[in-house]
Amino acid sequence: MNLIRIPVLSDNYIWLLCDESKHCVIVDPAESQPVLDILAANQITPAAILLTHHHHDHVGGVAGLLNQHPDLPIYGPEETRTKGATHIVHENDIVNVENFSFKVIELPGHTLGHIAFYQAPYLFCGDTLFSGGCGRLFEGTAEQMFSSLEKIASLPDDTLICCAHEYTAANMTFAKSILPNNQTIHDYYQKIIEMRENQQATVPTTLQKEKKINVFLNCHDIDLQKNIGIKPNSIPLSSVFQQLRAYKDQF
Ligand SMILES: [Zn+2]
């Protein structure tokens with residue numbers, strides 16, 4: 001398998017996963033032309049489009065891709081039906097196209113219908129988990145998002161987190177403010193700042209890495225709880241998450 005990352009708009013990534021016979025799935029096409037260019041340049045045949053949720057910067061390229069490839073199947077949650085999805089998928093559905101086999105994982109929070117597509121080790125999780133951060137709560141509750149993140153955290157440590165935005169530098173700046181004495185976070189922050197200065201992408205990341213540096217996966221951390229004004233272990237972890245997410249929204 002060959003993973004291709006296409007940077008588009010101000011900070012979006014479109015992901016292509018290609019098999020040995022040069023078929024690919026296209027994940028969250030914000031735009032069409034950059035994808036069509038890569039397909040042509042590498043003689044790749046698209047097998048399907050996968051949509052994680054209904055936001056425009058994830059589905060904006062669907063029409064342009066269909067112009068060139070009218071029979072392309074499009075898999076997505078119910079909320080993407082009006083954005084072009086031809087195959088509506090739910091929790092634990094398996095998407096079989098060409099040599100691909102993705103399991104659908106429902107991850108409500110950022111939107112109510114948000115899903116991820118998982119084929120080990122690749123997780124296409126849209127705007128749910130970012131490197132160093134997580135998506136905003138536009139439609140779902142903090143409790144829903146917290147359990148969605150727990151679902152991701154239960155996957156194998158070597159899972160490749162293929163998220164849809166390059167937000168890592170801002171996320172690590174926030175993480176450093178929440179856990180200023182955490183050396184691992186400090187070191188990763190430095191590394192990310194350097195990578196971005198050199199225009200390097202910081203994703204995909206691994207779940208193992210995120211468990212160490214992503215504050216939203218560390219709501220159980222006593223220092224974190226203290227630093228956001230919570231008496232350690234006095235409230236449910238989903239409430240810690242809610243407060244942390246609110247801090248980030250203000251940051
Ligand atoms: Zn979104």
Side-chain angles (χ1 to χ4, degrees), residues 3-7 9-15 107 109-110 116 118 120-137 142 145-233 237-251:
L3 183 67
I4 300 173
R5 178 189 52 234
I6 310 176
L9 305 178
S10 55
D11 49 33
N12 277 76
Y13 289 124
I14 302 170
W15 296 98
L107 300 172
H110 178 69
Y118 176 60
Y122 308 97
L123 180 75
F124 297 103
C125 58
D127 291 353
T128 299
L129 182 67
F130 296 123
S131 185
C134 74
R136 279 175 184 266
L137 303 177
M145 188 62 146
F146 181 72
S147 58
S148 291
L149 293 177
E150 281 191 314
K151 251 166 136 177
I152 293 177
S154 71
L155 295 171
D157 270 352
D158 66 352
T159 299
L160 276 177
I161 308 296
C162 305
C163 54
H165 288 277
E166 179 62 64
Y167 286 161
T168 318
N171 288 337
M172 292 313 296
T173 305
F174 174 69
K176 207 161 62 87
S177 80
I178 294 296
L179 288 171
N181 299 322
N182 183 307
Q183 192 62 41
T184 310
I185 285 178
H186 179 82
D187 292 349
Y188 198 60
Y189 165 81
Q190 297 286 5
K191 184 184 166 184
I192 291 298
I193 295 300
E194 219 167 276
M195 286 176 81
R196 294 308 293 154
E197 277 169 4
N198 296 316
Q199 281 91 45
Q200 282 177 272
T202 65
V203 294
T205 176
T206 64
L207 184 56
Q208 184 172 40
K209 169 65 81 181
E210 292 309 308
K211 284 180 177 172
K212 292 187 185 129
I213 59 95
N214 192 319
V215 285
F216 293 98
L217 297 181
N218 283 281
C219 292
H220 54 272
D221 187 294
I222 299 299
D223 288 332
L224 181 150
Q225 293 183 11
K226 281 187 196 160
N227 292 352
I228 60 171
I230 294 168
K231 184 168 160 260
N233 298 330
L237 290 180
S238 61
S239 304
V240 176
F241 170 78
Q242 181 166 26
Q243 193 151 325
L244 187 63
R245 185 59 253 185
Y247 265 62
K248 177 69 166 64
D249 291 343
Q250 308 290 319
F251 190 67

Trainee: Side-chain contact test, heavy atoms from C-beta onward, threshold under 4.5 Å: evaluate it for Tyr247 versus Ser177 and give yes or no.
Mentor: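 When only atoms from C-beta onward are counted, Ser177 and Tyr247 do not touch, as no gap falls below 4.5 Å.
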Trainee: Can you give me the closest heavy-atom contact between Leu123 and Tyr118, atom names plus distance?
Mentor: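 Residues Leu123 and Tyr118, closest heavy atoms: CD1-CB, 3.7 Å.
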Trainee: Which atom pair, heavy atoms only, marks the closest approach of Ser131 to Cys163?
Mentor: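 Heavy atoms of Ser131 and Cys163 come nearest at N-SG, 4.1 Å.
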Trainee: What's the separation between atom OG in Ser147 and atom CG in Leu107, rounded to the nearest 0.5 Å?
Mentor: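 Interatomic distance, Ser147 OG to Leu107 CG, rounded to 0.5 Å: 9.0 Å.
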Trainee: Side chain of Arg5, backbone of Val203: donor and acceptor closer than 3.5 Å?
Mentor: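 Looks like yes, one N/O pair under 3.5 Å.
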Trainee: Does Arg245 reach the main-chain N or O of Cys134 with its side chain, forming a donor-acceptor pair under 3.5 Å?
Mentor: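 At least one qualifying donor-acceptor pair exists.
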Trainee: Quickly, which of Leu224, Asn227, Asn182, Ile228 forms a side chain to side chain contact (heavy atoms under 4.5 Å, CB included) with Val215? Name it, please.
Mentor: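 That would be Leu224; it is the only one of Leu224, Asn227, Asn182, Ile228 passing the side chain to side chain contact (heavy atoms under 4.5 Å, CB included) with Val215.
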Trainee: Donor-acceptor pair, Glu166 side chain versus Ala201 backbone, under 3.5 Å?
Mentor: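 Not a single qualifying donor-acceptor pair exists.
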Trainee: Are Leu244 and Phe146 close enough that some pair of their side-chain heavy atoms sits under 4.5 Å apart?
Mentor: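 Result no, sub-4.5 Å side-chain heavy-atom pair not found.
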Trainee: Specify the closest pair of heavy atoms between Met145 and Leu137, including all atoms of both residues, with the distance to one decimal.
Mentor: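 Reported closest heavy-atom pair: CB-CD2, 3.3 Å.
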Trainee: Test side chain to side chain contact (heavy atoms under 4.5 Å, CB included) on Leu149 and Leu217 and set out the steps.
Mentor: CA-CA 7 Å; Leu149 293 177; Leu217 297 181; 4.1 Å; yes
Trainee: Going by the angle between their ring planes, with limits at 30° and 60°, are Phe174 and Phe251 parallel, tilted or perpendicular?
Mentor: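 Phe174 vs Phe251 ring planes: perpendicular.
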Trainee: Return the minimal non-hydrogen interatomic distance between Ala169 and Arg196, and the atom names on each side.
Mentor: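 Heavy atoms of Ala169 and Arg196 come nearest at CB-CG, 4.2 Å.
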Trainee: Of all the heavy-atom pairs spanning Gln242 and Ala142, show the shortest one and how long it is.
Mentor: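 So the two residues come closest at CB-CB, 3.5 Å.
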Trainee: Take Val240 and His220, measure what side chain to side chain contact (heavy atoms under 4.5 Å, CB included) needs, and give me the verdict at the end.
Mentor: CA-CA 8 Å; Val240 176; His220 54 272; over 6 Å; no
Trainee: NZ of Lys209 to OG1 of Thr159: how many Å apart, nearest 0.5 Å?
Mentor: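 Those atoms lie 15.5 Å apart.
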Trainee: Identify the heavy atoms of Gly132 and Glu210 that sit nearest to each other, and give their distance.
Mentor: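 Distance-wise, the nearest heavy atoms are N-OE1, 2.7 Å.
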Trainee: From Thr205 OG1 over to Lys212 NZ, what is the distance, rounded to the nearest 0.5 angstrom?
Mentor: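 Here the interatomic distance stands at 10.5 Å.
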Trainee: State whether the side chain of Asn12 and the backbone N or O of Pro7 hold a donor-acceptor pair below 3.5 Å, judged by distance alone.
Mentor: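 Checked: no pair found.
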Trainee: Enumerate, atom names and distances included, each donor-acceptor pair closer than 3.5 Å involving a side-chain atom of residues 186-194, sequence neighbours excluded.
Mentor:
| residue | atom | partner | partner atom | Å |
| --- | --- | --- | --- | --- |
| His186 | NE2 | Gln190 | NE2 | 3.4 |
| Asp187 | OD1 | Gln183 | NE2 | 2.9 |

Trainee: Is there a side-chain contact between Met195 and Asn198 (heavy atoms, below 4.5 Å)?
Mentor: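 No; the side chains remain at least 4.5 Å from each other.
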Trainee: OG1 of Thr206 to CG of Asp157: how many Å apart, nearest 0.5 Å?
Mentor: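 Nearest 0.5 Å value for the OG1-CG distance: 7.5 Å.
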Trainee: Would you call Gln208 and Asp158 a side-chain contact if the rule is heavy atoms closer than 4.5 Å?
Mentor: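 The answer is no, as the side chains (C-beta and beyond) never meet within the 4.5 Å cut-off.
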Trainee: Report yes if some heavy atom in the side chain of Thr184 is under 4.5 Å from a heavy atom in the side chain of Ile213; otherwise report no.
Mentor: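 They are in contact (side-chain heavy atoms under 4.5 Å apart), so the answer is yes.
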Trainee: For residues Leu237 and Gln225, determine if any side-chain heavy atom of one lies less than 4.5 Å from a side-chain heavy atom of the other.
Mentor: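 Contact flag for Leu237/Gln225 side chains = yes.
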Trainee: Quick one: ring pair (Phe, Tyr, Trp, His ring centres under 6.0 Å) partners of Tyr167, sequence neighbours excluded?
Mentor: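 Scan of Tyr167 (ring pair (Phe, Tyr, Trp, His ring centres under 6.0 Å), adjacent residues dropped) gives Phe130, His165.
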Trainee: Using a 4.5 Å cut-off on heavy atoms from C-beta on, say whether the side chain of Ile161 contacts that of Cys125.
Mentor: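 They are in side-chain contact.
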Trainee: Taking side chain as C-beta onward, heavy atoms only, is Asp223 less than 4.5 Å from Asn181?
Mentor: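 Side chain of Asp223 against side chain of Asn181, heavy atoms only: no contact under 4.5 Å found.
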Trainee: Drop me the distance from Ile178's CD1 to Ile185's CD1, to the nearest 0.5 angstrom.
Mentor: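 Those atoms lie 9.5 Å apart.
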Trainee: Nearest 0.5 angstrom please: Ile6 CD1 to Tyr13 OH, how far?
Mentor: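 Here the rounded value is 12.0 Å.
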